[in-house]
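Within every chain, numbering begins at 1; the chains are lettered A, B, ... in the order of the sequence lines, protein sequences first and strands thereafter. Bear in mind the structure is a predicted one, so any value in this text is a computation, not a measurement.
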Amino acid sequence: MDYNRLAEILFPHIDKTPEDYEAIYPPREEGKVITRLGPSPTGFIHLGNLYGAFVDERLAHQNGGTFYLRIEDTDDKRYVEGAVDTIINSLKFFGINFDEGAGCGPDSTDAGDYGPYYQSQRGPIYQAFAKRLVSEGKAYPCFLTEEELAEIRARQEANKMTTGIYGECAEKNRNLTCEEVEANIAAGKPYTIRLRSCGDGEHYICVDDGIRGDVSMPCNYQDVVILKANGIPTYHFAHVIDDHLMRTTHVVRGEEWLMSLPIHIELFKTLGFEPPVYCHTAVLMKLDDETGNKRKLSKRKDPELSLDYYRQEGYHPAAVKEYLLTILNSNFEEWRMANPDADINDFEFTTEKMSSAGALFDLNKLNDISKDVLLKIPADELADFMLEWAKEFKPKAAGALSDKEYLTKILNIGRDEAKPRKDLIYAKQIFDFISYFYDDYFVIEERIPEQVSDEDAREILKRYLETYDHSDDQPTWFEKIRTITADLGYAVKPKDYKKHPEEYKGSVAHVSTVIRIAVTGRSQSPDVWTIQQILGEDRVRARIQELIG
RNA sequence: GGUCCUAUGGUCAAGCGGUUAAGACACCGCCCUUUCACGGCGGUAACCCGGGUUCGAUUCCCGGUAGGAUCACCA
């Protein structure tokens, strides 16, 4: 069999050789970690992508290496306009930046010496390597039609065999003569290029996974497709060629790829390439409401998988990042407690400390972490963040929030004390939390405590208004409330009321609550005096007056 | 079904042959307190099951079981 002739028949126009490409893409600096993100160009970046991208980014950047973006658009049906910008910007929002790759240069040009960074533009490269493989008898054209494939599969299933093209059913196409191939091509028959697998399924491969340690599984023995009928490579082939030529040292990808590892290992071996370090991350899980079982987060069912969800809710990117790192590395939380103010990038990230089991996504935890993260962000920065969020997701409120000085004061309530308040979590929640500062959103949401009669409530507010002096300091202000409390037969010390409830109508807590509701519309809020200072005298008086009627 | 991965409280997780089995979140008390939040103190709650190996297994091995992943000319 003349494989060289076969290669020429199949790839007459391919004149560059693998050696040419090796020269065009020389090895990179020794010892540097090179990672990549390889999303398909749907533009849909989800939490899983972010999770993986974060690992890539940390691995490369904490080593002084390179993190690049390669668009895996070998499945032409899925391209969405503007997707690359979306991907870059989504990740940038979370502080993840690429050093090279698709759209990473000025004005969204590609940057780097290892391009093109779109797999769809790398056709000749893949074909050159496929041609070499054919010429060495390691790959061959396969003319099996869809119907024949289906038939083979049906037969295999009926016999409870593993499905796929291997063994006997591969024989016919493996042994086609050059003349037969030429005739088929002349007849316009479509064909794929398949790997002529040397594996037997008896032997095992053993791979030292960066996250999981030693993983072993049966060798590949399937004649997998490497070039589809349209000449575009399958993921498997593109992955091997690209990551070799782009000199990737660490491939971080989801666990769903683990099962195709034998294919990739065989491909690396037959091409004579050194495989990268593989890091197979665990899939993100959630508890299914219906079954109660863990399951993979799904694009369709789980809005929290989409990064948009966090933007809409107004989670600060730093909080999401901080949370991701706590589930990414088991010792991060510990480190954070020891170094509360350190830069997140000072944490030494290791793949060994990553969990290999699927972690359940925990909003509670995110919220808790977010409280601490937001506390470290200056109020005026938070104000900017709130406004940006509102412009996009709550346009009606954007006008009100654009008074930055006012908003900053609100956000700063109780923050710079020894025991700072931690009630800011995410923009949407924050807006609800502070909405009473804005007249358009101010409503009386709660009823006065049952200990206080309507007449008393009115009396409390009346006397409050009469004695109100906006320039009083906090102690003076509260002393006046105590006076009203005592005068109306309520306990000035809540404990007295607790001990002898029969002697009082209620306590200063109830009296304060009436005032609090009048001013904020709610029975729970930060310190009323502080709130009043921010609201301003006119608004305070107006709100009290409104309730007195 | 085959193959592979995983298995510690409700969740995330330390642990890597001998521990009173950490810690965080959530939850529940109490304290602080004019409410809430914060903070402090305390509490409920776990090694999937069965065999080995061993003086001794949560830890090592085997087998179950459960959950997950994957079996395309999709990535």
Provide, to the nearest angstrom, the distance between the [atom1] atom belonging to [X] and the [atom2] atom belonging to [N].
{"X": "A:Asn49", "N": "B:A75", "atom1": "CG", "atom2": "C1'", "value": "11 Å"}
{"X": "A:Ile226", "N": "B:C73", "atom1": "CD1", "atom2": "C1'", "value": "12 Å"}
{"X": "A:Leu149", "N": "B:C73", "atom1": "CG", "atom2": "P", "value": "6 Å"}
{"X": "A:Gln222", "N": "B:C73", "atom1": "CD", "atom2": "C1'", "value": "14 Å"}
{"X": "A:Arg153", "N": "B:A72", "atom1": "CZ", "atom2": "C1'", "value": "7 Å"}
{"X": "A:Asn364", "N": "B:C12", "atom1": "CG", "atom2": "P", "value": "12 Å"}
{"X": "A:Ile531", "N": "B:A37", "atom1": "CD1", "atom2": "P", "value": "14 Å"}
{"X": "A:Phe143", "N": "B:C73", "atom1": "CZ", "atom2": "P", "value": "16 Å"}

Is the count of non-hydrogen atoms from other residues, nucleotides or ligands lying under 6.0 Å from [X] atom [atom1] greater than 12?
{"X": "A:Glu348", "atom1": "CD", "value": "no"}
{"X": "A:Glu503", "atom1": "CD", "value": "yes"}
{"X": "A:Glu446", "atom1": "CD", "value": "yes"}

Could you grab the distance from atom [atom1] of [X] to atom [atom2] of [Y], nearest 0.5 Å is fine?
{"X": "A:Thr326", "Y": "A:Leu366", "atom1": "OG1", "atom2": "CG", "answer": "8.5 Å"}
{"X": "A:His236", "Y": "A:Leu267", "atom1": "NE2", "atom2": "CG", "answer": "8.5 Å"}
{"X": "A:Leu328", "Y": "A:Tyr51", "atom1": "CG", "atom2": "OH", "answer": "5.0 Å"}
{"X": "A:Ile534", "Y": "A:Leu411", "atom1": "CD1", "atom2": "CG", "answer": "9.0 Å"}
{"X": "A:Met354", "Y": "A:Ile211", "atom1": "CE", "atom2": "CD1", "answer": "4.0 Å"}
{"X": "A:Leu47", "Y": "A:Leu324", "atom1": "CG", "atom2": "CG", "answer": "5.5 Å"}

Which is it for A:Trp257 and A:Tyr278 under the ring pair (Phe, Tyr, Trp, His ring centres under 6.0 Å) test, yes or no, and what are the steps along the way? CA-CA 10 Å; A:Trp257 291 110; A:Tyr278 283 100; over 10 Å; no
Any side-chain N or O of [X] less than 4.0 Å from the OP1 or OP2 oxygen of [N]?
{"X": "A:Tyr204", "N": "B:U3", "value": "no"}
{"X": "A:Lys353", "N": "B:G15", "value": "yes"}
{"X": "A:Thr74", "N": "B:A75", "value": "yes"}
{"X": "A:Lys495", "N": "B:C32", "value": "yes"}
{"X": "A:Lys228", "N": "B:A75", "value": "yes"}
{"X": "A:Arg194", "N": "B:C73", "value": "yes"}

Side chain to side chain contact (heavy atoms under 4.5 Å, CB included) with A:Tyr68: which of A:Leu37, A:Thr248, A:Asp56?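 Exactly one option meets the side chain to side chain contact (heavy atoms under 4.5 Å, CB included) with A:Tyr68, and it is A:Thr248.
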Heavy-atom donor-acceptor pair, A:Gln474 side-chain to B:U34 base, under 3.5 Å: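 By the distance-only test, yes, there is a pair.
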Measure from the ring center of A:Tyr441 to the ring center of A:Phe431 and say whether it is less than 6.0 Å.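 Yes, close enough.
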For this output row, return yes or no: ring centroids of A:Tyr191 and A:Phe143 closer than 6.0 angstrom.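 So the answer is yes for these two rings.
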Quick check for you: among [options], whose closest atom lies nearest to any side-chain atom of [X]?
{"X": "A:Asp362", "options": "B:U3, B:U11, B:C32", "answer": "B:U11"}
{"X": "A:Arg212", "options": "B:A75, B:C5, B:U34", "answer": "B:C5"}
{"X": "A:Met259", "options": "B:C73, B:C4, B:U34", "answer": "B:C4"}
{"X": "A:Ala509", "options": "B:C73, B:U34, B:A72", "answer": "B:U34"}

Donor-acceptor pairs under 3.5 Å, side chain of residues 421-428 of chain A to any protein atom, not counting sequence neighbours: which ones?
{"from": "A:Arg421", "atom 1": "NE", "to": "A:Asp423", "atom 2": "OD2", "distance (Å)": "2.8"}
{"from": "A:Arg421", "atom 1": "NH2", "to": "A:Asp423", "atom 2": "OD2", "distance (Å)": "2.7"}
{"from": "A:Lys422", "atom 1": "NZ", "to": "A:Asp372", "atom 2": "OD1", "distance (Å)": "2.8"}
{"from": "A:Lys428", "atom 1": "NZ", "to": "A:Glu313", "atom 2": "OE2", "distance (Å)": "3.0"}

Taking the nucleotide of RNA chain B with the closest heavy atom to each, which residue, A:Thr326 or A:His236, is nearer the 5' end?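 It is A:Thr326, whose closest nucleotide lies nearer the 5' terminus.
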Most 5' of A:Leu227 and A:Leu258 on RNA chain B, judged by nearest nucleotide: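 Looking at the nearest nucleotide for each, A:Leu258 comes out on the 5' side.
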For nucleotides [N] and [M], find the distance between their [atom1] atoms and express it as a whole number of Å.
{"N": "B:A21", "M": "B:U58", "atom1": "P", "answer": "11 Å"}
{"N": "B:A24", "M": "B:A46", "atom1": "C1'", "answer": "15 Å"}
{"N": "B:A13", "M": "B:C71", "atom1": "P", "answer": "25 Å"}

Please test A:Arg463 against A:Asp487 for salt bridge (charged side-chain N to carboxylate O under 4.0 Å, His left out), starting from the C-alpha separation and ending with a verdict. CA-CA 10 Å; A:Arg463 295 191 51 165; A:Asp487 288 355; 2.6 Å; yes
So which protein N/O to nucleotides 62-64 of chain B N/O distances come out below 3.5 Å?
none

Could you list the protein-to-nucleotides 22-24 of chain B atom pairs, N/O on both sides, closer than 3.5 Å?
{"from": "B:A24", "atom 1": "O2'", "to": "A:Glu333", "atom 2": "OE2", "distance (Å)": "2.7"}
{"from": "B:A24", "atom 1": "O2'", "to": "A:Lys365", "atom 2": "NZ", "distance (Å)": "2.6"}
{"from": "B:A24", "atom 1": "N3", "to": "A:Lys365", "atom 2": "NZ", "distance (Å)": "3.3"}

Evaluate the side-chain hydrogen bond (donor to acceptor under 3.5 Å, both in side chains) criterion for residues A:Gln533 and A:Thr530: first the C-alpha distance (whole Å), next the side-chain angles of each, then the deciding distance (0.1 Å), finally the verdict. CA-CA 5 Å; A:Gln533 291 304 306; A:Thr530 311; over 6 Å; no
Under a 4.0 Å threshold between the charged nitrogen and the carboxylate oxygen, would A:Glu333 count as salt-bridged to A:Arg336?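 Looking at A:Glu333 together with A:Arg336, the answer is no, because their closest N to O distance does not fall below 4.0 Å.
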Over all heavy atoms of both residues, which pair between A:Phe268 and A:Pro276 is shortest? Give the atoms and the distance, please.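 A:Phe268 and A:Pro276 have their closest heavy atoms at CZ-CD, 3.4 Å.
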Go through RNA chain B and write down every stem, that is, every run of at least three consecutive Watson-Crick or G-U wobble pairs with distances under 3.5 Å, as range with range.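 Stem list for RNA chain B: B:1-7 with B:65-71, B:10-12 with B:23-25, B:27-31 with B:39-43, B:48-52 with B:60-64.
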Considering only heavy atoms, which members of residues 154-164 of chain A lie under 4.0 Å from some atom of RNA chain B?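 Only A:Thr163 qualify.
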Would you classify A:Asp527 as touching base, sugar-phosphate or nothing, given that sugar-phosphate means primed atoms plus P, OP1 and OP2, and contacts are heavy atoms under 4.0 Å?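 Base contact.
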Within 45° of the ring axis of A:Phe442 and under 6.0 Å from its six-membered ring centre, is that where the NZ or CZ of A:Arg543 lies?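 Geometry flag: set, cation within 6.0 Å and 45°.
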Are A:Tyr235 and B:C74 stacked, counting the six-membered base ring, centres under 5.5 Å, planes under 30°?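 According to the criterion (under 5.5 Å, under 30°), no, A:Tyr235 does not stack.
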Distances under 3.5 Å only, N/O to N/O: pair up the protein atoms with those of nucleotides 38-42 of chain B.
{"from": "B:C38", "atom 1": "OP1", "to": "A:Lys371", "atom 2": "NZ", "distance (Å)": "3.4"}
{"from": "B:C38", "atom 1": "O2'", "to": "A:Pro420", "atom 2": "O", "distance (Å)": "2.8"}
{"from": "B:G39", "atom 1": "OP1", "to": "A:Lys422", "atom 2": "NZ", "distance (Å)": "3.1"}

